[in-house]
K.L.:
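Dumping the structure here so I can ask a few things about it.
Fair warning: this is a prediction, and the values are worked out from it, not measured in the lab. We name chains A, B, ... by the order of the sequence lines, and we start the count at 1 in each one.
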There are 2 protein chains.
Amino acid sequence: MGIKERKETEKSEMKELILKTAMKLFLDKGFNNITIRNIAEKIEYSPATIYLYFKNKDEILYTLRGEGFEKLYEWQKTSLNTNDPLKRLLKHGEAYISFALENPEYYDLMFMMRGPVKNIKETNFCDIGLKSYELLKNNVKECMTQGLFPRMDVDIVAFSLWSYVHGIASLIIRSRGIIFPEEQVNDMIKGSLDFMLKVNYDKNWDTYNKSMNQKPELNI
Amino acid sequence: MGIKERKETEKSEMKELILKTAMKLFLDKGFNNITIRNIAEKIEYSPATIYLYFKNKDEILYTLRGEGFEKLYEWQKTSLNTNDPLKRLLKHGEAYISFALENPEYYDLMFMMRGPVKNIKETNFCDIGLKSYELLKNNVKECMTQGLFPRMDVDIVAFSLWSYVHGIASLIIRSRGIIFPEEQVNDMIKGSLDFMLKVNYDKNWDTYNKSMNQKPELNI
DNA sequence: TTATTAAATTAACAATGTTTAGTTATGGGA
DNA sequence: TCCCATAACTAAACATTGTTAATTTAATAA
């Protein structure tokens with residue numbers, strides 16, 4: 001059945017093309033500012049064709065969101081090869097933020113955009129998203145068993161840390177960190193993470209101050 | 001000139017009515033799901049009338065956003081009557097989060113929504129928003145002079161703290177904290193703030209653990 | 001070749017933000 | 001009181017959106 005196979009791969013290739021094109025456009029102008037006709041024009045098909053591959057515009061979003069969660073999970077796993085749990089946590093946070101900043105439209109779809117009203121359960125957020133959350137939780141647990149963290153409720157601490165990196169990422173994505181010049185965003189992220197972990201848990205503020213390779217002069 | 005005055009107040013009352021109605025509708029269904037016709041119908045005027053009071057739909061949003069920044073500023077000022085800078089910081093954070101959760105649609109307009117693409121400078125974000133930011137910065141500075149914080153760059157620490165509360169608020173607003181049952185959201189917020197400040201800077205983890213009046217059992 | 005099925009398009013629909021041209025009401029001056 | 005200028009409002013239209021139904025075109029099987 002060679003033909004049937006070919007048709008199937010063609011179908012999924014077309015789906016992929018639509019998704020890729022849509023994502024590119026969303027990245028540029030945002031989900032709400034891109035029309036089905038825009039996408040259709042870009043891939044040189046009629047608007048109606050898109051509806052042969054996706055039920056509606058929202059389904060494109062949901063699919064991309066799912067892809068995003070997969071990507072994020074992979075991205076975060078790079079932090080696992082670090083042994084020290086505190087350093088691993090730092091790496092984890094950096095990975096999370098760098099994912100957000102290098103894939104802002106994905107991140108937007110996943111965590112910032114007011115989704116088309118639908119119960120979240122039916123999206124695959126819970127399935128894959130929770131895997132990432134478990135990664136974080138395990139890390140937090142280990143920090144606690146090693147006495148690096150207070151023995152608080154694990155979920156609270158995990159949620160705290162998540163909030164922290166999400167806050168940083170989303171403020172920057174929405175240009176609320178605009179008070180800082182572009183080229184110092186990286187320093188600020190590093191500084192923020194240090195503030196949370198290194199500084200608070202090492203408590204060697206003086207040596208820390210000296211070891212900081214540079215203290216950016218910020219002009220508000 | 002009594003008539004002219006009356007006309008003016010009528011005009012501003014109408015503006016107020018439109019804003020109030022729009023906000024109520026946005027709160028329920030979100031900015032993007034409310035139409036000018038919806039607003040017009042609610043106030044029993046024709047859609048075109050709204051354009052006599054606002055240039056377009058976006059201007060309604062901008063106006064509400066400005067109102068939001070004013071409100072937030074007032075809300076935050078309640079923290080100022082606390083003397084201890086660390087406690088004041090905690091209060092400040094609590095105020096910020098409670099504003100966000102009790103005025104989620106305002107908060108959304110102000111910090112989460114991808115604004116209709118426009119340079120931020122022309123909105124009054126910078127003017128009033130910066131006042132709030134200064135409040136925070138001064139507080140941070142005082143913490144530093146009292147040796148409660150490491151002497152890092154003030155902007156970095158301020159941005160960090162802001163990120164933190166923004167992360168908490170926005171995750172909850174977008175129901176990403178949905179893994180936690182509704183009635184424990186408050187405990188989680190309190191716990192998160194404690195994790196950031198009290199725990200890290202008091203460093204009395206054991207006594208802290210005991211002093212926690214309850215340890216919520218969370219079911220993920 | 002012809003019949004059947006899949007793929008794509010055309011043309012329309014209702015709903016949106018917005019504008020234009022026109023209508024109604026209000027207030028002041030004769 | 002009557003007329004008119006201005007303000008307040010509306011009806012009707014416009015272009016653009018997501019989406020669908022009817023139709024055409026292409027690909028496959030008989």
K.L.:
Quickly, which of A/F69, A/F99, A/Y96 forms a ring pair (Phe, Tyr, Trp, His ring centres under 6.0 Å) with A/W75? Name it, please.
P.N.:
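With A/W75 as partner, ring pair (Phe, Tyr, Trp, His ring centres under 6.0 Å) holds for just one option, A/F99.
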
K.L.:
Can A/R65 and A/D108 be said to form a salt bridge (Lys or Arg N to Asp or Glu O under 4.0 Å), step by step?
P.N.:
CA-CA 9 Å; A/R65 183 181 286 173; A/D108 204 327; over 6 Å; no

K.L.:
Would you indicate which nucleotide in D/dA13, D/dG18, D/dT10 comes nearest to any side-chain atom of B/R37?
P.N.:
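Nearest to the side chain of B/R37 among the choices is D/dA13.
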
K.L.:
What's B/I34 touching, base or sugar-phosphate or nothing? Going by heavy atoms closer than 4.0 Å.
P.N.:
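Sugar-phosphate: the residue B/I34, judged by heavy atoms under 4.0 Å, touches backbone atoms but no base.
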
K.L.:
Roughly how many Å is it from NZ in B/K29 to C1' in C/dT16, rounded to a whole number?
P.N.:
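Result: 16 Å.
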
K.L.:
Which of these nucleotides, D/dC9, C/dA7, D/dG18, is closest to any side-chain atom of A/T35?
P.N.:
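Of all the options, the side chain of A/T35 is nearest to D/dG18.
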
K.L.:
Take the protein atom CD1 of A/I50 and the nucleotide atom P of D/dT17, then report the distance between them rounded to whole Å.
P.N.:
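Roughly 13 Å, once rounded to whole Å.
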
K.L.:
Would you mind reporting whether B/L72 and B/F111 have side-chain heavy atoms less than 4.5 Å apart?
P.N.:
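Side-chain contact under 4.5 Å: yes.
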
K.L.:
Quick one: A/N32 CG to D/dT17 P, roughly how many Å, whole number?
P.N.:
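Atom CG in A/N32 sits about 12 Å away from atom P in D/dT17.
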
K.L.:
Any idea which of C/dT18, D/dT10, C/dA8 is nearest the B/K57 side chain?
P.N.:
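It is C/dT18.
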
K.L.:
Heavy-atom nearest nucleotide on DNA chain D for B/A48 versus A/A48: which residue maps closer to 5'?
P.N.:
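Taking each residue's closest nucleotide, the earlier one in sequence belongs to B/A48.
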
K.L.:
Tell me the interatomic distance from B/N33, atom CG, to C/dA15, atom P, rounded to whole angstroms.
P.N.:
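Rounding to the nearest Å, CG of B/N33 and P of C/dA15 are 15 Å apart.
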
K.L.:
What is the distance, to the nearest angstrom, from the CD atom on A/E59 to the P atom on D/dG18?
P.N.:
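Result: 15 Å.
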
K.L.:
When the distance from CD of B/E41 to C1' of D/dT10 is rounded to whole Å, what number comes out?
P.N.:
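Result: 15 Å.
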
K.L.:
Of all the choices, D/dA8, C/dA7, C/dT9, which nucleotide is nearest to the side chain of B/K11 once you look at every atom?
P.N.:
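Among the listed nucleotides, the one closest to the side chain of B/K11 is D/dA8.
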
K.L.:
Between atom CG in B/L52 and atom C1' in C/dA21, what is the gap in whole Å?
P.N.:
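The answer, rounded to whole Å, is 14 Å.
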
K.L.:
Does a side-chain N or O of A/Y53 approach OP1 or OP2 of C/dA8 to a distance below 4.0 Å, or not?
P.N.:
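Checking C/dA8 against A/Y53, a side-chain N or O does come within under 4.0 Å of OP1 or OP2.
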
K.L.:
Specify the residue among B/E44 and A/N38 whose closest nucleotide of DNA chain D lies further upstream toward the 5′ end.
P.N.:
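First, find each residue's nearest nucleotide; the 5'-ward one identifies B/E44.
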
K.L.:
Give a yes/no on whether any side-chain N or O of A/T49 is located under 4.0 angstrom from OP1 or OP2 of C/dT9.
P.N.:
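So the side chain of A/T49 is within the cut-off, an N or O lying under 4.0 Å from OP1 or OP2 of C/dT9.
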
K.L.:
From the set D/dT19, C/dT10, C/dT19, return the single nucleotide nearest to any side-chain atom of B/Y51.
P.N.:
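Nearest nucleotide to the side chain: C/dT19.
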
K.L.:
So does B/E10 pair up with B/K15, basic N to acidic O under 4.0 Å?
P.N.:
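A salt bridge is absent here (no side-chain N lies under 4.0 Å from a carboxylate O).
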
K.L.:
Any salt bridge linking B/K77 with B/E74? Criterion: basic side-chain nitrogen under 4.0 Å from a carboxylate oxygen.
P.N.:
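So B/K77 pairs with B/E74 through a salt bridge.
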
K.L.:
How many Å lie between CD1 on A/I36 and P on C/dA11, as a whole number?
P.N.:
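Computing the A/I36:CD1 to C/dA11:P distance gives 20 Å.
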
